[in-house]
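Read the structure below first, then the notes.
Because the structure is predicted, anything quoted here is derived from the model rather than measured. We name chains A, B, ... by the order of the sequence lines, and we start the count at 1 in each one.
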There are 2 protein chains.
Amino acid sequence: MSTQHYTVVGTRPIRHDGVDKVTGRAQYGADFQMAGLLFGYVLRSPHAHARIQRINTSQAEKFPGVKAVVTAADFPPTPERLVDLGEGDTPLSYARGNVLAGRKALYKGHAVAAVAATSVHIAEEAAGLIEVDYEVLPAVLTAPEGMQGGASILHEDLKTKEFGEQTGRVSNVAEHFRHTMGDVAAGFAEADVVIEREFNTATVHQGYIEPHNATALWNSDGRILVWCSTQGAFVVRDVTACLLDVPVSHLKVTPMEIGGGFGGKIPVYIEPVAALLSKKTGKPVKIVMSRKDVFEGTGPTPGSQIQVKIGARKDGRITAAQAYLAYEAGAYPGAMVGPGAMCVFAAYDIPNVVIDGFDVVVNKPSTAAYRAPGATNAAFATETVLDEIAEKLGIDPLDLRLKNAAKEGTRRADGPKYRRIGCVEVLEAMKNHPHYKAPLDGPNRGRGVAIGFWFNIGLPSSCTVSVNADGTVNLVEGSTDIGGTRTSIAMQAAEVLGISAEDVRPTVVDTDSIGFTAVTGGSRTTFATGWAAYEAAQDVVRQLKERAAKLWQADAASVTFECGVFRSGDQSISFRELAAQIDQTGGPVVGRGAVNPRGAGGSFSGNIVDVEVDPETGKVTILRFTAVQDVGKAIHPSYVEGQMQGGSAQGIGWALNEEYYMSRDGAMMNSSLLDYRMPTALDLPMIDAVIVEVPNPGHPFGVRGVGEANIVPPPAAIANAIYRAAGVRMRRLPMNPPAIMEAIWNQRD
Amino acid sequence: MSTQHYTVVGTRPIRHDGVDKVTGRAQYGADFQMAGLLFGYVLRSPHAHARIQRINTSQAEKFPGVKAVVTAADFPPTPERLVDLGEGDTPLSYARGNVLAGRKALYKGHAVAAVAATSVHIAEEAAGLIEVDYEVLPAVLTAPEGMQGGASILHEDLKTKEFGEQTGRVSNVAEHFRHTMGDVAAGFAEADVVIEREFNTATVHQGYIEPHNATALWNSDGRILVWCSTQGAFVVRDVTACLLDVPVSHLKVTPMEIGGGFGGKIPVYIEPVAALLSKKTGKPVKIVMSRKDVFEGTGPTPGSQIQVKIGARKDGRITAAQAYLAYEAGAYPGAMVGPGAMCVFAAYDIPNVVIDGFDVVVNKPSTAAYRAPGATNAAFATETVLDEIAEKLGIDPLDLRLKNAAKEGTRRADGPKYRRIGCVEVLEAMKNHPHYKAPLDGPNRGRGVAIGFWFNIGLPSSCTVSVNADGTVNLVEGSTDIGGTRTSIAMQAAEVLGISAEDVRPTVVDTDSIGFTAVTGGSRTTFATGWAAYEAAQDVVRQLKERAAKLWQADAASVTFECGVFRSGDQSISFRELAAQIDQTGGPVVGRGAVNPRGAGGSFSGNIVDVEVDPETGKVTILRFTAVQDVGKAIHPSYVEGQMQGGSAQGIGWALNEEYYMSRDGAMMNSSLLDYRMPTALDLPMIDAVIVEVPNPGHPFGVRGVGEANIVPPPAAIANAIYRAAGVRMRRLPMNPPAIMEAIWNQRD
């Protein structure tokens with residue numbers, strides 16, 4: 001759809017970090033070594049909800065090889081204030097409390113104390129000698145439980161915020177907000193058909209392959225050095241500085257290579273603990289989580305209870321929509337119901353809308369972002385209800401969606417009005433795809449569709465670009481590279497400079513060596529850091545024009561630059577030739593780009609999925625899966641496809657199998673990757689990724705960001721397919737064999 | 001003398017790297033560790049001059065634990081071209097030959113082959129199994145020997161360049177050049193007194209405390225990563241790339257902390273060898289030199305033979321001067337006689353001058369820069385002859401120098417005309433110093449004076465500066481910090497930004513992470529990289545003015561910045577306050593500065609020294625030593641004083657004790673720090689450092705550079721003092737006890 005012609009953008013060069021990753025040279029946080037390194041072990045609460053009466057660390061401290069023990073009492077007594085955790089502000093006491101529990105343990109796995117010793121085994125053994133007196137309290141495990149009158153209260157100081165105002169009411173509801181547009185009662189009155197359903201989704205984890213790890217050295221000069229696996233080195237810097245009550249510039253955070261994050265490696269867990277242990281010992285301290293630690297001690301995505309009511313006229317036009325979203329925050333107030341509410345009806349132009357959001361604390365790990373956080377839960381509800389409406393009205397489900405699709409100028413209930421978006425284009429691509437037209441024969445088979453939305457974000461990013469004499473450039477950036485962004489960022493600089501992607505050498509550096517750069521998250525990295533690289537490259541071009549002008553004794557304003565060649569009058573010189581002459585024309589050329597872009601453009605994603613449901617076991621087999629997404633402009637189509645396939649795979653896991661399987665007293669019963677069942681290559685067909693390109697007018701190359709919207713539609717699309725295969729409407733995730741068998745049996749009754 | 005008022009410049013903050021260095025945290029090259037690391041050992045020639053007939057490495061290769069052996073045959077067969085070694089161009093074959101000998105070994109210690117093994121002991125043992133068939137040739141060890149007819153010829157392809165033209169004459173004289181000004185014969189005819197003397201100086205080593213080291217990893221993606229101790233990471237990058245015939249951007253050089261260099265860590269020795277061993281093994285390979293390797297295998301400063309003839313009128317006005325400078329290049333053509341010729345009469349305004357320079361290859365290690373390279377040898381001659389003239393004419397030696405002192409507008413015989421310089425100010429400071437007026441009682445005691453000059457250099461440097469939200473900034477630079485330049489560079493950024501030196505966090509990064517930056521050498525780092533930091537900080541100020549204007553909805557052109565405060569109309573905001581708001585006003589602020597400055601200003605230095613000579617042993621005791629230097633503007637006076645004291649100490653060692661003590665067949669007999677006698681704290685008095693500040697008009701803060709000129713006067717000043725103490729004129733370095741006793745005995749005869 002783009003009319004621009006690019007040389008580098010849109011091609012598929014080999015990623016710069018590829019060889020190091022396949023040969024094992026890439027250095028991850030767990031690989032970090034240093035002379036005198038100590039090893040930390042975190043003691044975690046065995047109870048989901050308990051008052052901590054007393055912690056006695058004296059036996060542990062005496063254990064041979066133990067160098068230090070820390071608890072929450074080792075944090076500086078900083079006055080309460082708000083901390084930006086990289087996903088919004090939270091009170092300091094909550095941020096600190098989640099890192100090391102204070103008066104209460106709020107979930108099983110909540111960190112309570114930590115030991116540093118000469119080996120991790122000594123540290124673990126010594127941790128067992130720490131005596132913690134717990135007063136065990138009743139646990140609340142889901143949003144509805146937490147909202148019940150008489151529910152056990154997690155935070156005695158948490159007063160419900162309602163419609164933006166602080167109430168005096170102490171409860172587990174941290175916030176209740178509402179978005180309204182039009183007159184929803186009048187809207188439903190106009191409708192010929194109204195469907196209202198309730199949905200429940202389980203807690204799921206991002207399941208990144210690499211557990212969290214951190215090494216910290218609290219140096220004698222007061223500086224704190226941290227090496228860790230994170231989506232945002234500057235977030236680790238800023239949050240850790242805040243918790244330790246030192247200025248941000250006292251910290252240097254070096255992001256090691258990262259083995260997946262999906263939002264779950266934005267929060268800070270063990271970095272401040274390692275730092276406190278290092279402060280006490282004067283040595284570097286390394287902590288590496290086990291998989292059990294990851295499941296029990298880090299933020300999964302919220303389980304939720306959702307009610308959605310949609311009304312439509314016979315012609316398919318939606319007249320009103322209402323949503324009630326109660327999301328589990330986990331142990332501390334969370335941020336995921338907000339985006340859930342932004343996305344629940346975001347794909348449609350609906351005149352009358354009410355959305356109620358509830359952020360409910362429960363005795364589970366504090367939730368974290370997970371790929372389009374909150375949106376998948378919400379779309380599961382909306383897209384399933386729409387499927388029922390389409391069926392009732394006898395309208396093709398894609399036609400129903402096309403009739404109501406959001407477009408440029410559509411206003412969302414939470415406020416924003418869309419600029420150019422690709423919802424219609426995604427739906428049309430789905431409708432025109434051979435998959436949608438292909439026959440689906442055989443018993444117990446069905447096809448479903450659904451779409452989803454994620455708004456994507458901007459936030460600050462910085463880059464510098466230095467010119468080498470051999471016509472290449474070095475690009476320095478602060479964005480952790482999770483999915484190939486070194487390359488997608490380098491390609492944007494290469495496009496500006498008229499050189500190849502291979503001629504740009506991108507390096508992700510520590511927080512001392514580049515300007516502030518926000519997290520790799522919100523699908524922002526290729527968008528925002530790519531833009532910073534674009535600006536840095538433009539800054540190089542500006543300077544090189546002056547150099548060319550100097551060579552030619554021409555006016556710099558007369559010099560043009562196109563396709564890698566500088567020209568003025570009859571004179572011309574290529575980027576490479578001029579690079580060889582920068583010393584003689586005035587010295588090195590360094591360009592800088594720093595942006596805080598506002599033009600983030602939302603991305604729409606759709607799935608067509610064919611399933612077969614085994615009526616004897618309830619097992620769902622994915623027969624065929626097509627993922628369509630408007631990505632704005634695909635900088636590196638292979639990585640875009642990879643993101644779409646990855647998001648689809650995770651969405652399928654969420655739909656069919658994944659869940660925190662909890663005991664009644666709040667213990668996760670399946671905290672290993674054997675028991676927490678994520679889909680493998682054997683479980684999935686090849687996922688067909690269809691890139692739709694509706695350039696984002698808010699980015700120089702039209703980039704929207706591609707990492708998240710693709711996880712939104714799968715559960716709904718699969719539920720709709722299951723309905724057609726087995727005749728049952730699934731309204732609870734995961735749709736695993738027992739759940740499906742139960743639905744089938746209920747239907748037969 | 002400066003009329004500028006500064007807040008940070010001229011103060012004495014604690015160095016940023018201080019704590020890490022005193023606590024042992026600082027990481028030097030020898031500390032570098034990596035998984036799978038192999039250890040290299042270099043086999044060196046036992047002969048000073050020999051044809052290499054054959055190298056058989058097969059026994060070594062079979063030795064258990066050995067992973068690879070390399071010789072010169074492993075270099076790619078790149079066509080001959082010139083290589084910039086960081087101190088000027090040299091033919092590729094010479095650069096390569098010095099790293100691993102080809103058809104000939106040209107000095108004892110010349111690298112011939114190298115072994116990589118699982119331990120350094122295995123590598124060393126295996127190196128002993130390498131069979132090298134040598135045809136031993138006669139060695140030439142001094143410039144006069146090398147210039148003799150019939151001398152053994154080192155390079156059969158080396159044709160003498162004479163007065164800029166290539167001759168067809170094969171000899172050991174690589175070059176003979178001449179600078180002339182006026183009519184020297186007429187000048188001498190005008191003179192009332194003419195003194196002509198011959199001087200000889202021994203080969204001395206820089207004696208840095210840390211031996212050379214390098215680790216290289218030739219990665220599977222074709223990139224070569226190097227960690228090493230160097231004065232110039234970009235020089236290591238560019239030279240190694242050239243020797244290995246890969247583009248410069250294929251190399252990433254990470255400069256580790258450096259334990260001294262003084263010019264001797266500009267050349268590349270073991271980096272390409274480690275890289276070749278890594279290429280063969282696929283593993284990282286580390287080579288660390290022993291002290292013997294350092295003495296025998298790296299570049300010392302040239303020994304020299306010098307004749308100086310000076311004529312003056314009775315009133316002290318110098319009418320003519322002539323110099324003959326024959327400097328040992330070592331095994332390959334060198335660059336040190338050039339600066340020697342530039343400096344020999346540089347402190348004086350002399351109408352008629354002839355200077356002849358000879359660059360002579362000899363069978364000693366290829367010479368390298370050593371603090372004002374070439375100038376100390378030359379000043380030893382000039383300043384001793386002037387002392388004789390002053391004595392003959394009955395003029396105070398400082399008055400004689402003042403009468404002839406170079407000043408703004410004086411032209412040197414090699415071409416340049418001085419801008420504002422501080423020669424007169426240095427001489428006046430010496431004359432007015434209490435030391436010069438203090439009585440010097442007691443037998444065998446004498447006082448001497450001398451002055452010296454070094455021109456200093458510019459060359460490219462790059463910096464970036466990023467603003468932190470806490471009002472501090474991060475400064476990224478490419479200059480290896482040897483003498484505290486992290487701080488002296490940071491202070492210049494701090495001065496511009498109106499913040500403290502502690503609020504600037506400087507980091508020296510690898511060659512991928514900053515623009516090209518030339519060597520830390522030529523006294524250029526505080527001058528040129530400081531200037532780049534100044535420019536980067538100015539770039540930050542420009543951007544912050546726009547941010548302030550945005551906050552105030554004012555015109556950016558109306559915003560002023562002074563003493564750390566932005567103002568427009570009634571509005572004002574401090575740097576720190578504005579830094580906290582950069583996200584809201586448009587995102588991160590990154591400034592860049594890249595310079596290739598031409599304004600390098602020369603530095604003059606003078607010594608007053610009191611000695612006592614033991615007439616029984618010839619031992620010289622330094623009783624009092626005053627060093628005076630025009631540094632332009634002293635950014636950090638403590639480090640300036642430290643440089644002056646360090647240069648003085650090295651000059652004293654050179655004067656009194658240090659020398660390569662050579663056997664007749666060209667073996668260094670004292671290649672350990674026990675036998676090569678450098679002065680220790682016990683040998684020296686406190687050196688009084690007197691800073692003179694005549695700001696350099698070619699630098700924003702008036703910096704000249706301070707690292708080198710201070711080593712130039714000590715040998716001459718001490719010789720002049722010895723003359724007054726013992727009555728002997730010393731014209732050979734070192735002036736050690738045997739030499740002084742011999743002079744005393746000769747005088748008695």
*With a 4.5 angstrom heavy-atom cut-off, could you sort out which part of A:Ile514 is near chain B: side chain, backbone, both or neither?*
backbone
*Under 4.5 Å, counting heavy-atom pairs only, tell me which of A:Ile14, A:Val589, A:Leu217 racks up the most with chain B.*
A:Leu217
*Contact origin within A:Val590 toward chain B - heavy atom pairs under 4.5 Å*: both
*Below 4.5 Å from any heavy atom of chain B, which atoms of A:Ala518 appear? Answer side chain, backbone, both or neither.*
neither
Could you list each N or O donor-acceptor pair linking chain B to chain A at a distance under 3.5 Å?
{"unit_1": "B:Asp20", "atom_1": "OD1", "unit_2": "A:Asn219", "atom_2": "ND2", "d": "2.5"}
{"unit_1": "B:Arg25", "atom_1": "NH2", "unit_2": "A:Gly282", "atom_2": "O", "d": "3.2"}
{"unit_1": "B:Asn219", "atom_1": "ND2", "unit_2": "A:Asp20", "atom_2": "OD1", "d": "2.5"}
{"unit_1": "B:Arg237", "atom_1": "NH1", "unit_2": "A:Asn468", "atom_2": "OD1", "d": "2.8"}
{"unit_1": "B:Val248", "atom_1": "N", "unit_2": "A:Asp470", "atom_2": "OD2", "d": "3.1"}
{"unit_1": "B:Ser249", "atom_1": "N", "unit_2": "A:Asp470", "atom_2": "OD2", "d": "2.8"}
{"unit_1": "B:Ser249", "atom_1": "OG", "unit_2": "A:Asp470", "atom_2": "OD2", "d": "2.7"}
{"unit_1": "B:Ser249", "atom_1": "OG", "unit_2": "A:Thr472", "atom_2": "OG1", "d": "3.2"}
{"unit_1": "B:Gly282", "atom_1": "O", "unit_2": "A:Arg25", "atom_2": "NH2", "d": "3.2"}
{"unit_1": "B:Ser466", "atom_1": "OG", "unit_2": "A:Gly515", "atom_2": "N", "d": "3.1"}
{"unit_1": "B:Asn468", "atom_1": "OD1", "unit_2": "A:Arg237", "atom_2": "NH1", "d": "2.8"}
{"unit_1": "B:Asp470", "atom_1": "OD2", "unit_2": "A:Val248", "atom_2": "N", "d": "3.1"}
{"unit_1": "B:Asp470", "atom_1": "OD2", "unit_2": "A:Ser249", "atom_2": "N", "d": "2.8"}
{"unit_1": "B:Asp470", "atom_1": "OD2", "unit_2": "A:Ser249", "atom_2": "OG", "d": "2.8"}
{"unit_1": "B:Thr472", "atom_1": "OG1", "unit_2": "A:Ser249", "atom_2": "OG", "d": "3.2"}
{"unit_1": "B:Asn474", "atom_1": "ND2", "unit_2": "A:Thr511", "atom_2": "O", "d": "3.0"}
{"unit_1": "B:Thr511", "atom_1": "O", "unit_2": "A:Asn474", "atom_2": "ND2", "d": "3.0"}
{"unit_1": "B:Gly515", "atom_1": "N", "unit_2": "A:Ser466", "atom_2": "OG", "d": "3.1"}
{"unit_1": "B:Asp539", "atom_1": "OD1", "unit_2": "A:Arg592", "atom_2": "NH2", "d": "2.6"}
{"unit_1": "B:Asp539", "atom_1": "OD2", "unit_2": "A:Arg592", "atom_2": "NE", "d": "2.8"}
{"unit_1": "B:Asp539", "atom_1": "OD2", "unit_2": "A:Arg592", "atom_2": "NH2", "d": "3.2"}
{"unit_1": "B:Asp583", "atom_1": "O", "unit_2": "A:Asn596", "atom_2": "ND2", "d": "2.6"}
{"unit_1": "B:Val590", "atom_1": "O", "unit_2": "A:Arg592", "atom_2": "NE", "d": "3.3"}
{"unit_1": "B:Arg592", "atom_1": "NE", "unit_2": "A:Asp539", "atom_2": "OD2", "d": "2.8"}
{"unit_1": "B:Arg592", "atom_1": "NE", "unit_2": "A:Val590", "atom_2": "O", "d": "3.3"}
{"unit_1": "B:Arg592", "atom_1": "NH2", "unit_2": "A:Asp539", "atom_2": "OD1", "d": "2.6"}
{"unit_1": "B:Arg592", "atom_1": "NH2", "unit_2": "A:Asp539", "atom_2": "OD2", "d": "3.2"}
{"unit_1": "B:Asn596", "atom_1": "ND2", "unit_2": "A:Asp583", "atom_2": "O", "d": "2.6"}

*Contact winner vs chain A - B:Pro460, B:Pro588, B:Gly515, B:Gly591, heavy-atom pairs under 4.5 Å*: B:Pro588
*Counting only heavy atoms closer than 4.5 Å, note whether B:Val595 contacts chain A via side chain, backbone, both or neither.*
backbone
